[in-house]
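Worksheet: one structure, shown below.
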Protein chains: 2
Amino acid sequence: MNQEKSSKKTTIYDLAELAGTSASAVSAVLNGTWKKRRISAKLAERITTLADEQGYAVNMQASLLRREKSKIIGMIVPKYDNRYFGSIVETFETMARERGLFPIITCTRRDPELEVEAARTMLSYQVEWLVSTGATDPDRISDLCAAANVGSLNLDLPGTKAPSIISDNFTGARELTRRIMLNSRVKFGQAQPLLFIGGRASDHNTSERIRGFRAAHADIDVPVDESHILASGYAPEKAEASLASLARTEGSLPSGMFVNSTISLEGVMRWIKRSGHYGEHSPVIGCFDWDPFAALLGDDVEMVRQDVPSMLDAVFAIIESGAADSTRIEIPPIFSENF
Amino acid sequence: MNQEKSSKKTTIYDLAELAGTSASAVSAVLNGTWKKRRISAKLAERITTLADEQGYAVNMQASLLRREKSKIIGMIVPKYDNRYFGSIVETFETMARERGLFPIITCTRRDPELEVEAARTMLSYQVEWLVSTGATDPDRISDLCAAANVGSLNLDLPGTKAPSIISDNFTGARELTRRIMLNSRVKFGQAQPLLFIGGRASDHNTSERIRGFRAAHADIDVPVDESHILASGYAPEKAEASLASLARTEGSLPSGMFVNSTISLEGVMRWIKRSGHYGEHSPVIGCFDWDPFAALLGDDVEMVRQDVPSMLDAVFAIIESGAADSTRIEIPPIFSENF
DNA sequence: CAAACATGCTCCATCGATTGAGCAAGAGTG
DNA sequence: CACTCTTGCTCAATCGATGGAGCATGTTTG
């Protein structure tokens with residue numbers, strides 16, 4: 001595990017000299033092509049031992065420069081601060097490794113400039129595929145990838161220039177809304193229009209969820225209160241402020257809420273606690289996303305879990321098939337009794 | 001943004017031919033050394049435009065092979081499923097980028113084999129520094145790095161062969177224990193020995209926290225109940241099972257608990273809810289780690305937050321100074337009133 | 001007006017690993 | 001014995017970017 005010259009890294013040339021052989025023999029042995037290249041088992045053995053002793057590690061930069069495929073796969077993700085993205089990243093890494101790919105992940109904090117810069121950097125590193133998760137402008141990234149002849153994919157939020165794998169937001173939201181209504185009826189005696197809070201009206205997922213929210217109201221002939229659709233952003237503070245302002249203008253709050261993400265739920269719960277709405281008369285809540293602690297907050301919180309493993313199965317299926325047409329795959333989310 | 005030959009990526013040679021100039025001129029222009037290399041502004045302009053048109057991106061593999069420094073910095077992290085590691089990763093990425101470094105992060109799911117393999121892979125990618133976060137065997141990774149002449153650092157859990165940046169677990173645990181005791185006295189009338197749950201007795205952080213836990217008991221002359229120190233692992237199921245078994249053998253539970261991580265807290269809260277211990281007589285809890293929803297679970301939950309920004313400031317301070325002696329830096333955690 | 005200098009480039013070796021082509025020595029065949 | 005095959009290797013070009021050295025011009029300077 002030691003080496004004489006401690007200033008430089010060991011290369012195949014160093015090993016070749018030590019073994020009294022050629023660099024190409026060393027290379028063949030270390031990358032496993034030695035049988036094909038008719039290197040004797042004896043020499044292979046000697047080289048392997050030497051490589052171990054010297055703590056040799058291939059220089060991927062050199063290796064990849066020569067090869068045609070990099071086996072690197074990139075992912076851009078908005079945040080690491082919730083279980084949804086956390087499990088996307090963890091599952092992605094695991095599945096990539098299982099397939100012999102090297103995953104590179106970068107967090108772009110919902111910053112469009114950073115997204116593009118990160119995408120460019122990943123292209124420089126010769127990624128073979130780039131997965132844009134929850135990107136604000138996925139098509140821009142697909143354009144960059146197309147120009148570099150690299151496959152791209154959209155996850156969580158759809159785009160029009162690459163295959164998109166997203167949750168079935170409409171159906172999920174409709175079912176979640178139905179459940180919140182049911183819980184509300186059980187707790188407060190009658191079905192009332194709900195409040196929708198969180199997300200951005202401009203993003204596809206939010207608008208689909210609002211559509212599902214409306215559909216569920218229509219299903220049981222309850223009118224939607226337009227002033228109670230508050231897609232005021234993802235940050236907890238935004239949700240908290242919206243609720244505070246609504247309570248100020250209206251005096252009371254709806255008895256049920258559809259919360260568009262755990263991040264928004266954080267703000268909602270904070271407001272409920274702070275304003276003393278907690279307890280007997282606290283609103284019935286449904287959240288489109290899952291968090292273990294939020295799930296423990298009370299029987300009044302219903303959660304849908306997006307099916308991350310299935311979404312990533314779909315991602316890798318597309319990667320393996322090499323497909324590049326901009327289909328959209330919608331994965332049904334999972335309701336709590338099936339977690 | 002288009003290119004004629006769609007099968008291959010644009011290189012500086014392609015651009016050179018298109019611009020009727022040499023590859024070295026193109027290279028100089030695109031990497032910003034053109035003034036030093038006395039390329040005219042006119043040619044620089046032309047090349048830049050062309051590069052944009054062709055959607056050119058440097059081949060980092062080639063570039064890094066030639067350069068002496070890779071500017072790549074690696075981090076190994078156990079999981080993405082809690083706020084602590086999530087914010088470590090996010091902060092690390094941001095700070096690395098601010099310093100012109102390219103962060104590569106990999107999640108090793110507390111698997112010692114995977115940790116080593118991931119470290120090897122990162123060395124192949126020519127990382128200049130490797131930060132092992134919460135590694136099960138940080139010294140093994142430091143050895144690998146040393147053999148490759150790469151700096152290594154330990155974060156969250158200390159090692160003996162590289163600088164370690166960790167929380168001040170002893171002081172934090174002592175103060176947290178003191179607070180749980182106080183809350184317990186307020187709720188139940190008297191100070192009783194607490195339960196310690198979660199973590200692995202073999203890891204440094206857990207043992208330091210147990211030491212702090214003992215010290216806080218000693219401070220007010222309360223004996224520690226040795227059978228109530230349950231360092232049964234990090235997984236929620238482990239904590240849940242430990243509590244269930246304790247309740248079975250003892251009939252009742254301690255009135256206060258020191259929970260060693262949010263992950264363990266997940267199991268603890270699940271058990272408390274399921275077993276009907278929630279409410280009036282639910283135990284007073286303190287958790288060494290913070291989670292926004294857990295913080296909302298009730299007034300009975302006290303949390304300490306590890307000071308991630310300060311920890312990473314320390315990490316980058318060491319990286320910038322190039323120090324390699326195995327000092328240990330302990331960062332005080334933050335208590336809830338100062339979040 | 002010649003020497004010295006500045007300007008604006010180009011040439012080419014180099015980084016480390018890979019791989020097609022090829023060479024020498026021994027084994028097998030007719 | 002002359003040949004073809006096989007075995008076990010080595011040679012050298014290559015991937016794309018970089019940067020030291022150097023080569024024409026044009027511009028000053030004494």
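Because the structure is predicted, anything quoted here is derived from the model rather than measured. Letters A, B, ... are given to chains in the order of the sequence lines, protein chains preceding strands, and every chain is numbered from 1.
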Please confirm whether the shortest side-chain N or O distance from B:Ser27 to OP1 or OP2 of D:dA17 is below 4.0 Å. no

Can you list every salt bridge (charged side-chain N to carboxylate O under 4.0 Å, His left out) pair that touches residues 145-163 of chain A, not counting sequence neighbours? A:Asp143-A:Lys161

Apply the test salt bridge (charged side-chain N to carboxylate O under 4.0 Å, His left out) to residues A:Glu128 and A:Lys71: give CA-CA distance (whole Å), side-chain angles for both, the deciding distance (0.1 Å), then the verdict. CA-CA 6 Å; A:Glu128 289 179 18; A:Lys71 299 259 182 190; over 6 Å; no

Tell me: CD1 of A:Ile12 to P of D:dC9, nearest whole Å? 16 Å

Would you kindly compare A:Val58 and B:Thr21 by the position of their nearest DNA chain C nucleotide and give the one closer to the 5′ end? B:Thr21

Just N and O in the side chain of A:Thr11: are any of them under 4.0 Å from OP1 or OP2 of C:dG16? no

Tell me what A:Thr33 touches on the nucleic acid: a base, only sugar-phosphate, or nothing, going by heavy atoms under 4.0 Å. nothing

Please answer whether the main-chain N or O of B:Arg110 pairs with a side-chain N or O of B:Glu115 as donor and acceptor at a distance below 3.5 Å. no

Rounding to a whole Å, what distance do you find between B:Ile47:CD1 and D:dA17:C1'? 14 Å

Across the strands shown, which category fits A:Leu64 at heavy-atom distances under 4.0 angstrom: base, sugar-phosphate, nothing? nothing

OP1 or OP2 of C:dG16 under 4.0 Å from side-chain N/O of B:Tyr125: no

Please classify the nucleic acid contact of B:Leu30 as base, sugar-phosphate, or nothing, using heavy-atom distances under 4.0 Å. nothing

Stepwise ring-ring contact (aromatic ring centres under 6.0 Å, His included) test for B:Phe92 and B:Phe316: CA-CA 9 Å; B:Phe92 176 73; B:Phe316 283 100; 5.8 Å; yes

Could you tell me the separation between the OH atom of A:Tyr13 and the P atom of C:dA17, rounded to a whole number of Å? 7 Å

Applying salt bridge (charged side-chain N to carboxylate O under 4.0 Å, His left out), name anything that partners B:Arg97, two or more places apart in sequence or on another chain. B:Glu93

Can you check whether A:Ser22 has a side-chain N or O nearer than 4.0 Å to OP1 or OP2 of D:dC11? no

Enumerate the protein-to-nucleotides 20-27 of chain C contacts in which both atoms are nitrogen or oxygen and the separation is below 3.5 Å.
from, atom 1, to, atom 2, distance (Å)
C:dG20, N7, A:Arg37, NH1, 3.2
C:dG20, O6, A:Arg37, NH2, 2.6

Extract all donor-acceptor atom pairs below 3.5 Å that involve side chains of residues 11-20 of chain A and protein atoms in other chains or at least two apart in sequence.
from, atom 1, to, atom 2, distance (Å)
A:Thr11, OG1, A:Tyr13, N, 3.2
A:Thr11, OG1, A:Asp14, N, 3.4
A:Asp14, OD2, A:Thr11, N, 2.9

Just how far, in rounded Å, is C1' of C:dG16 from NZ of A:Lys8? 11 Å

Whole angstroms only, please: what is the CG-P distance between B:Leu65 and C:dA13? 17 Å

Residue pairs passing the side chain to side chain donor-acceptor pair (under 3.5 Å) test where at least one lies in residues 308-327 of chain A, sequence neighbours excluded: A:Arg99-A:Glu320, A:Asp307-A:Ser310

5' priority, DNA chain C, between B:Ala62 and B:Ala25 [closest heavy atom]: B:Ala25

Atom CG of A:Leu15 and atom C1' of C:dG16 are separated, to the nearest Å, by 12 Å

Please name all residues satisfying side-chain hydrogen bond (donor to acceptor under 3.5 Å, both in side chains) with B:Arg37, sequence neighbours left out, ordered by chain then number. none

Identify, between B:Ser63 and A:Ser40, the residue whose nearest nucleotide on DNA chain D lies closer to the 5' end. A:Ser40

Whole-Å gap separating P (D:dG8) and NZ (A:Lys36): 17 Å

B:Glu45 CD to C:dG8 P, straight-line distance once rounded to whole Å: 16 Å

